[in-house]
A.B. asks: 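Attaching a single structure in structure tokens format; questions to follow.
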Amino acid sequence: MIGASSIPQHPKPLANGTDHIEHLQQALAVLEVERLQAWGRELATRLQRGGRLLAAGNGGSAAEAQHLTSELVGRLRDDRQPLSAIALHAETSAVTAIGNDYGYDEVFARQVRAHGRPGDILLLLSTSGRSRNVLRAAEAAHERGLTVWALTGTAPNPLTELADEAVCADGPTATAQECHLVAVHILCASVDIALGVCPPVTPAAATPTAPGGLVVVGDALLDRDLLGMVDRVSPEAPVVVVDRVEVCSRPGGAGLAAVLAARSARPVTLVTALSDDREGRDLGGLLRDDGIRVIDLGLAGPTPVKSRVRADGRTVLMFTQAPEAVSGLRRALTDDEHALVVGASAVLVSDYGRGLTEDASVRAALAAAATATPMVWDPHPRGARPVPGARLVTPNRKEATGFAPGSAGTDLRSDIERGRQLIDIWKAAGVAVTRGADGALLLDTAKSSPLAVPGRHIVAADTCGAGDCFAASATALLAGGALLSEAVTGAVRAAEEFVAAGGATSWMAGTAAEEPGTERADPLEVVARVRAAGGTVVATGGCFDLLHAGHIALLENARLLGDCLVVCLNDDDSVRRLKGPQRPIVTVGDRAAVLGSLASVDGVVVFAESTPEEALRRIRPDIYVKGGDYRVDDVPEAALVDGWGGRTVILPYVDGRSTTRMVDKILLGIGDK
């Protein structure tokens, strides 16, 4: 019998029905739906490519993890192929055997080591974020090269620190678990939408947003990439055979421009016309999944679709499904929608020649907006003429040649003459002629000296979307108060980064290395993507105080050993401990920026300890490179790297190059002879 003394005298009350609902409403209102939808798209991509989802939790969280895996192996609503998903706690024989032999803390970690492969995803559910067996599973996943996602309660907690990404629900345990169940359903629905199993719910018309956001106006298309492998030629005809094809759909035209604009400016509203066919519903769902608010004027005809057959990162064939005649719109802009366009922080017109910018109501809104807000107009040979007063019009060289009568050359002088003609023709404040790998040319009056922004001549197999990226980046920069020269310069750099990251295919698939107009991607994200693709991760470390030829040779040779190179960089305090109080000469921020600008370096991780062991534990490189006159046995980090199956190698520095020697010469006033 339980004695009265064992019952708390002032127990914490349970939430009654009303309080319970209020807690749940508050938590759901801030649930990270966009992150969950992004998880669903990423999960669909990895599972389709042969990846696997592992899931685990304790108690009620275990039931929800099992619910998730059952929906993926089975189905959420509509029939589709089974997807590989394993609930680790459901393996009862394994759980009890591992618990008996290794302790309950290891029941999930050991299964992760058994089933997990580089590029798989481990989803851990824990309302506290502190369960030891869950934390050990996350650690084991990182050892194996898995991506770790977490559904937890209130943050911060130990699990959010270990996870690559986390969605956290505030409130009592019951509230967190109920939010996790909603999250599971959102995740499964997003997987099915990404796989094209079922269309998303698409409202007939979107509610206009409040003025002040960025507005994109133009023709949205549906782009499809048919991705496969080529390793044989057909016996029936001299053509390559594309095997193991998977279809990836994404917004195209003004839809892609809106998605790219949303990466650097929010909110973004797209004024477009969508058809009521299946492709149009798919396109609307893709846009809304990317957080785009859509004003749909209704397309009277079918959705234009552009498809590319791609293999080994290159386009093999392209074909379109579009009506010969331009389809009309089903309705005009309302007064509220007109006001939204005019009140935007900036307007991007992404004209793809399908007739939207010729509509009288759209054109009236654009003409009014041009006098009130920065407007960038990306023209099309079959599109409407830009309204007078546009801040920037962005034709490419081929388009500018067609718009400017009598121009034919492809050199810089010819581009300047074309730009000057177009300023007069369009009555625009500025014209930027984009020149592909050669960068862009800006003219802001017919007689002004042109601003030439050179390109970096990035070698890339896919430049699809580079023009949209340029226009979207310029618009976002102008919305933030940038000058025309600053906007064009920033847009050139953003387009280069976009192309270097793989173009629209990689960008929309979530595998791009970095976002246009932003800092370089998190090095650990780069590592995860390379590892997920089966690549080799290389790391090296050092102070890199005054960068010299020896450093450059080391980094270039290290990069040749694998598919990405991450540099572990000593912070300023650790350099002082190693080199003395007069060092470093260059602060860590500048050292990281210089290293990050090198083509051989994919990421920089700064560490504060005397050795980079903690940084290496996070990176877990396949190859660790040291420079200088070492033997592997003399490298203190070698044993650590060996622990997860990595290898340490030595690369020689260029003879006679030394930061210390450079500093000594500077102090003595002796130049390098």
Side-chain angles (χ1 to χ4, degrees), residues 212-221 223 250-272 283 286-287 289-295 341 344-352 356-357 366 369 373-380 383 386 390-396 399 430-434 436 439-440 442 453 455 462-482 484 486-508 510 512 514-519:
L214 192 148
V215 172
V216 179
V217 179
D219 311 288
L221 321 174
D223 282 355
R250 53 184 167 79
L256 176 59
V259 172
L260 293 170
R263 304 297 168 95
S264 53
R266 284 192 183 273
V268 171
T269 301
L270 172 64
V271 179
T272 192
L283 177 54
L286 291 168
L287 290 165
D289 281 351
D290 276 298
I292 309 301
R293 296 172 173 86
V294 178
I295 293 178
V341 175
S345 60
V347 175
L348 167 59
V349 181
S350 181
D351 193 347
Y352 270 76
L356 187 91
T357 56
L366 294 175
T373 190
M375 177 180 291
V376 175
W377 194 296
D378 191 7
H380 190 278
R391 183 75 60 86
L392 184 67
V393 186
T394 62
N396 61 37
E399 292 166 343
V431 169
V433 179
T434 58
L442 170 66
V453 183
D462 188 8
T463 59
C464 176
D468 296 303
C469 180
F470 178 91
S473 300
T475 307
L477 289 165
L478 289 173
L484 275 179
E486 295 170 331
V488 171
T489 301
V492 168
R493 299 297 168 244
E496 288 173 342
E497 293 172 1
F498 175 80
V499 170
T505 302
S506 297
W507 194 267
M508 298 304 296
E514 46 195 303
E515 295 184 3
T518 66
E519 296 178 357

A.B. asks: How close do H380 and E399 get, counting heavy atoms only, and between which atoms?
C.D. replies: CA-OE2, 4.4 Å
A.B. asks: Using the rule given for side chain to side chain contact (heavy atoms under 4.5 Å, CB included), can you reason through V349 versus V376, listing the C-alpha separation, both sets of side-chain angles and the distance that settles it, and then say yes or no?
C.D. replies: CA-CA 6 Å; V349 181; V376 175; over 6 Å; no
A.B. asks: Do V268 and R293 have side chains that get closer than 4.5 Å, going by heavy atoms?
C.D. replies: no
A.B. asks: Is any side-chain heavy atom of P251 less than 4.5 Å from a side-chain heavy atom of D223?
C.D. replies: no
A.B. asks: Heavy atoms, side chains only, cut-off 4.5 Å: are I292 and V259 in contact?
C.D. replies: yes
A.B. asks: Testing the basics here: between A494 and C469, what is the closest heavy-atom pair and its distance to 0.1 Å?
C.D. replies: O-SG, 3.7 Å
A.B. asks: Can you tell me how far apart CG (D378) and OG1 (T357) are? Round to the nearest 0.5 Å.
C.D. replies: 11.0 Å
A.B. asks: Is T373 reaching over with its side chain to a backbone N or O of S345, donor-acceptor style, under 3.5 angstrom?
C.D. replies: yes
A.B. asks: Can you measure from OG1 (T394) to CG (L442) and round to the nearest 0.5 angstrom?
C.D. replies: 11.5 Å
A.B. asks: Side chains of D351 and P379: closer than 4.5 Å at any heavy-atom pair?
C.D. replies: no
A.B. asks: Tell me, do E486 and L477 make a side-chain contact under 4.5 Å, heavy atoms counted?
C.D. replies: no
A.B. asks: Could you walk me through whether S350 and D468 pass side chain to side chain contact (heavy atoms under 4.5 Å, CB included), step by step?
C.D. replies: CA-CA 8 Å; S350 181; D468 296 303; 3.9 Å; yes
A.B. asks: Please find the pair of heavy atoms, one from A390 and one from V393, that lie closest to each other, and give the distance.
C.D. replies: CB-CG2, 4.2 Å
A.B. asks: Would you indicate whether the side-chain heavy atoms of V215 and V271 approach each other to under 4.5 Å?
C.D. replies: yes
A.B. asks: Looking at every non-hydrogen atom in both residues, tell me the closest pair between F498 and A466 and how far apart they are.
C.D. replies: CE2-N, 3.7 Å
A.B. asks: Going from OH on Y352 to OG1 on T272, what distance comes out if it is rounded to the nearest 0.5 angstrom?
C.D. replies: 11.5 Å
A.B. asks: Quickly, which of V431, L348, V488 forms a side chain to side chain contact (heavy atoms under 4.5 Å, CB included) with L392? Name it, please.
C.D. replies: V488
A.B. asks: Taking atom types as modelled, find out whether T434 and N396 have a side-chain donor-acceptor pair closer than 3.5 angstrom.
C.D. replies: no
A.B. asks: Could you tell me which non-hydrogen atom of A440 sits nearest to which non-hydrogen atom of V492, and how far apart they are?
C.D. replies: CB-CG2, 3.7 Å
A.B. asks: Can you tell me how far CG of D290 sits from CG of L286, rounded to the nearest 0.5 angstrom?
C.D. replies: 7.5 Å
A.B. asks: If you take all heavy atoms of A482 and A487, which pair is closest and at what distance?
C.D. replies: CB-N, 4.3 Å
A.B. asks: Distance from W377 atom CH2 to M375 atom CE, nearest 0.5 Å?
C.D. replies: 6.5 Å
A.B. asks: Measuring from atom CG of L270 to atom CG of L214, what distance do you get when rounded to the nearest 0.5 angstrom?
C.D. replies: 11.0 Å
